[in-house]
Each structure stands twice: as structure tokens, then as C-alpha cells.
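A quick write-up on the structure given underneath.
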Amino acid sequence: QVALLESGGGLVQPGESLRLSCEVSGLTFNTHAMGWFRQAPGKEREFVATISRSGNSKFYGDAVKGRFNISRDNAKNTVYLQMSSLKPEDTAVYYCAANDIFTSHIDSHYDYWGRGTQVIVSS
């Protein structure tokens, strides 16, 4: 059974940093591209970042480019999202997702999803 478990969310002040983790089980991790998406209350799910199977290719949504960094450790079956210079508009539930084809900013391309972790940026 495939499981994606996000962790690391919480309440932080604007300008601070946070690192999210997503541990994956039940699939061959290094054959899957991974993505992070987020959804704020009353808004549609938004693409945040994606990383290729090897970790050599990374793409980011415009809202987070230059502030967030996605990485992965294939030995640990884990993908990370390092978030810096956080803003109140980054407040959302963050989800990780996996697909066995390619990096993508489109959520429907992903086959497996975690349940999400809440990030709140507020002073």
C-alpha cells in the first residue's frame, strides 16, 4: 500500500523558514518524480515545486521561486521542501505527490498524494 506522509508544518512568523518532509512507502521511490502543492482556504490547489527522479531537475511555481527549494534523498525515500522568507500568503495546507512519468506542475498528473501538513505564516 502506497503512503505519503508529510511532516514539518507549523506556525511561523513572516520572514522565517520551515522545512517540510514527505516520507514515501509502498512504491519504488527513485522511479517517481515528486511534487509539492498547496491549498489555501477558499482557493484552488496550487503548484509549488517538482523534482525529477534523480533530483537533477527542479521546477518551481512563480509564487515561490527564489524562496523555496525542493530536494530528495532516494536512500531515505523522502522529499523535502525548504521554505525561506515565508510570507502570510504562503499559509496553506501543503501536499506532496508522486507520479511515475515526469516532473509536472499539473496536479492531475500525479498518482499518489499525502494528506497534507498545515503551514501558517502569521505575526
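Keep in mind it's a predicted model, so treat the numbers as computed, not measured.
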Greater than 12 external heavy atoms within 6.0 Å of [X]'s [atom1]:
X: E44; atom1: CD; result: no
X: H105; atom1: NE2; result: no
X: R45; atom1: CZ; result: yes
X: E23; atom1: CD; result: no
X: K43; atom1: NZ; result: no

Taking side chain as C-beta onward, heavy atoms only, is [X] less than 4.5 Å from [Y]?
X: F47; Y: D107; answer: no
X: N30; Y: R53; answer: no
X: P14; Y: P88; answer: yes

What's the spacing between [X] [atom1] and [Y] [atom2] if we round to 0.5 Å?
X: T78; Y: N74; atom1: OG1; atom2: CG; answer: 9.5 Å
X: L81; Y: I51; atom1: CG; atom2: CD1; answer: 10.0 Å
X: K65; Y: K58; atom1: NZ; atom2: NZ; answer: 14.5 Å

Subject >> Among T103, T50, N99, L4, side-chain contact (heavy atoms from CB on, under 4.5 Å) partner for M34 >> reply: L4

Subject >> Single hit among T91, D90, V93, L20 for side-chain contact (heavy atoms from CB on, under 4.5 Å) with V119 >> reply: L20

Subject >> Cluster link Y60 to M83, ILVMFWY, side chain under 4.5 Å >> reply: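 Yes; tracing contacts between hydrophobic side chains, which count when under 4.5 Å, links both residues.
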
Subject >> Same apolar cluster: W113 and V79, side chain cutoff 4.5 Å >> reply: no

Original post:
Can you name the closest pair of heavy atoms from G114 and E6 and give their distance?
Top reply: CA-OE2, 3.2 Å

Subject >> Nearest heavy atoms of A92 and A40, plus distance in Å >> reply: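 Answer, listing the atom of A92 first, then A40: CB-N, 3.8 Å.
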
Original post:
Would you say E16's side chain and L86's backbone share a donor-acceptor pair under 3.5 angstrom?
Top reply: no

**OP:** Measure from the side-chain N and O atoms of Y80 to the backbone N and O of D73, and report whether any donor-acceptor pair falls under 3.5 Å.
**Re:** no

Original post:
Strictly under 6.0 Å, is that where the ring centroids of Y110 and F37 end up?
Top reply: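 Yes: the rings meet the under 6.0 Å criterion.
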
NZ or CZ of [X] within 45° of [Y] ring axis and under 6.0 Å:
X: R19; Y: W36; result: no
X: R38; Y: Y95; result: no
X: R72; Y: F29; result: yes

Subject >> Worked check of side chain to side chain contact (heavy atoms under 4.5 Å, CB included) between L27 and Y112 >> reply: CA-CA 10 Å; L27 54 76; Y112 305 103; 3.7 Å; yes

